[in-house]
Amino acid sequence: TYADIEVVGGSGSYTYEIVSGNGEFKIDDYDYSEIQGTFKTAGNYSTNVKVTDRNNTALSTIVTYEVSVKQGYTISGIVKDADGNAINKASVYFTNRNEEDKYCDSAYASFDEKGVYSAIITEGTYDIEASVGYDEEIHNYLLGQSFNASKSGVDITLPVYKIVVITNDSRINAGNIGTWYTEKEDSIGSGDVLYLKAGKSYNLTSEGSVNNYEKVTDEDGYTYDKYVSTTDYELSLNINVTKSETVNASVKTLRTYYDD
């Protein structure tokens, strides 16, 4: 945990020193007005910080910081698509039904490379929301989930299929495919992998740009790629989502800028 040390008065420039207390507190090495604490067990901790005016050491004060730590639990699982495969682009959000809980009113989950999410919460009853992409229709919930210990296997399935986008233009790849938009200009996702709602039809477009090069050999016989121009393009994708599949998006050149 961390907290900012707010000081007014004096010259406006201060030094900070931990002078007493229990727990692993320290002053941040880069932001000297921030105090940090690391606590391995639940309990109550406190520390006293001496704040001194840098230009007049006769001016100083003692600030007490108190921290109450509660046992945390790790909740983990997999967000799955309609085929039962892990979605590593998903989001998972925990909301504590006890709005007065001062330890954990909500928590976002993080994901590992295998698509397993995990979140650290305190004991309580939570609503869990899973989503993927930017489509507001693609959500699922686990409501009223009570936890008093760490738990794995809290899986959530979303009604989506995985759509992998390819093109016949070798210059276009995942790195230069931008955001996809519907006909109503709502953003739906980005890149070459989309998770789209099962049973829904989409007409999507995405714009991007690629640099064009040509092989050039200089007077010393060294061959290199010389930048020639930049091409802006538009991708179009029309699909009725009934399964996970790889689809070919059409490419239309919008404009090309040449190097003068």
Side-chain angles (χ1 to χ4, degrees), residues 79-83 85-93 108-115 117 129-140 156-260:
V79 179
K80 299 179 179 181
D81 63 16
D83 292 322
N85 297 318
I87 302 174
N88 57 13
K89 287 187 173 183
S91 297
V92 176
Y93 186 66
Y108 280 102
S110 59
F111 285 77
D112 66 15
E113 66 280 359
K114 295 181 180 179
Y117 79 81
E129 177 187 8
S131 61
V132 63
Y134 312 135
D135 189 340
E136 294 182 355
E137 296 182 11
I138 302 176
H139 292 262
N140 198 5
I156 308 174
T157 298
L158 292 175
V160 296
Y161 286 111
K162 180 179 180 179
I163 306 300
V164 178
V165 182
I166 62 173
T167 74
N168 292 326
D169 191 327
S170 61
R171 299 171 302 169
I172 300 175
N173 54 49
N176 49 34
I177 297 179
T179 300
W180 290 92
Y181 294 92
T182 67
E183 293 176 301
K184 295 181 179 180
E185 298 186 355
D186 296 325
S187 57
I188 205 76
S190 61
D192 66 334
V193 175
L194 299 172
Y195 287 94
L196 303 180
K197 189 173 182 179
K200 188 174 180 179
S201 296
Y202 293 86
N203 295 317
L204 305 176
T205 57
S206 177
E207 293 186 3
S209 62
V210 292
N211 293 329
N212 306 305
Y213 301 88
E214 64 178 7
K215 294 289 185 182
V216 175
T217 302
D218 62 20
E219 58 185 14
D220 296 322
Y222 176 74
T223 300
Y224 63 96
D225 292 324
K226 179 183 177 181
Y227 168 75
V228 176
S229 61
T230 297
T231 298
D232 292 340
Y233 63 85
E234 179 184 79
L235 297 180
S236 298
L237 181 63
N238 300 318
I239 183 172
N240 180 31
V241 182
T242 60
K243 61 182 179 179
S244 295
E245 59 181 318
T246 298
V247 296
N248 201 323
S250 61
V251 182
K252 180 175 73 174
T253 297
L254 299 178
R255 62 192 71 84
T256 300
Y257 306 94
Y258 292 91
D259 188 22
D260 294 333

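Side chains are part of it too, since the values below use all heavy atoms of this structure and drop only hydrogens, waters and symmetry mates.
In terms of heavy atoms, Lys197 sits closest to Ile138 at N-CD1, 3.9 Å. For the residue pair Ser190 and Tyr134, the shortest heavy atom distance occurs at OG-OH, 4.0 Å. Pairing each heavy atom of Asn240 with each of Ser201, the nearest pair is OD1-OG, 3.2 Å. Of all heavy-atom pairs between Leu158 and Ala130, the closest is CD2-O, 3.6 Å. Contact between Ala109 and Tyr117 at its shortest, heavy atoms only, is CB-CD1, 3.7 Å. Considering all non-hydrogen atoms of both residues, Ala82 and Tyr161 come closest at CB-CE2, 3.6 Å.
Counting only distance, with no hydrogens or angles, the side chain of Asp81 and the backbone of Asp83 share a donor-acceptor pair below 3.5 Å. One N or O on the side chain of Lys89 and one on the backbone of Val193 form a donor-acceptor pair closer than 3.5 Å. The main-chain N or O of Asp220 is found under 3.5 Å from a side-chain atom of Asp218 such that the two form a donor-acceptor pair. The main-chain N or O of Thr157 is found under 3.5 Å from a side-chain atom of Asn140 such that the two form a donor-acceptor pair.
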Stepwise side chain to side chain contact (heavy atoms under 4.5 Å, CB included) check, Asn176 with Tyr233 | CA-CA 10 Å; Asn176 49 34; Tyr233 63 85; 3.6 Å; yes

Full working for side chain to side chain contact (heavy atoms under 4.5 Å, CB included) between Ile239 and Ile163 = CA-CA 10 Å; Ile239 183 172; Ile163 306 300; 3.8 Å; yes

When you look at Ser236 and Glu234, which way does the side chain to side chain contact (heavy atoms under 4.5 Å, CB included) test go after all the steps?
-> CA-CA 7 Å; Ser236 298; Glu234 179 184 79; 3.9 Å; yes

Decide yes or no on side chain to side chain contact (heavy atoms under 4.5 Å, CB included) for Leu204 and Thr182, but give the supporting numbers first.
-> CA-CA 5 Å; Leu204 305 176; Thr182 67; 3.8 Å; yes

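Side chains of Leu235 and Val251 form a contact here, defined as non-hydrogen atoms less than 4.5 Å apart. For the pair Val165/Trp180, a side-chain contact is recorded, criterion being any heavy-atom separation below 4.5 Å from C-beta on. Side chains of Tyr257 and Ser229 form no contact here, defined as non-hydrogen atoms less than 4.5 Å apart.
For the residue pair Arg171/Asn212, the side-chain donor-acceptor check at 3.5 Å is satisfied. Looking only at atom types and distance, the side chain of Thr231 has a donor-acceptor partner in the side chain of Thr256 under 3.5 Å away.
Between the OH atom of Tyr181 and the CD1 atom of Ile188 there is a distance of 11.5 Å, given to the nearest 0.5 Å. The structure places NZ of Lys162 at 8.5 Å from OG1 of Thr246, a figure rounded to the nearest 0.5 Å. Note: Ile156 CD1 to Lys80 NZ = 11.0 Å, rounded to the nearest 0.5 Å. The CG atom of Leu237 sits 11.5 Å away from atom OG1 of Thr167, with the distance rounded to the nearest 0.5 Å. The distance from atom CG of Asn248 to atom CG of Asn168, rounded to the nearest 0.5 Å, is 4.5 Å.
Ring geometry for Tyr213 against Tyr227 counts as perpendicular: the plane angle is over 60°, on a 0 to 90° scale with 30° as the lower cut.
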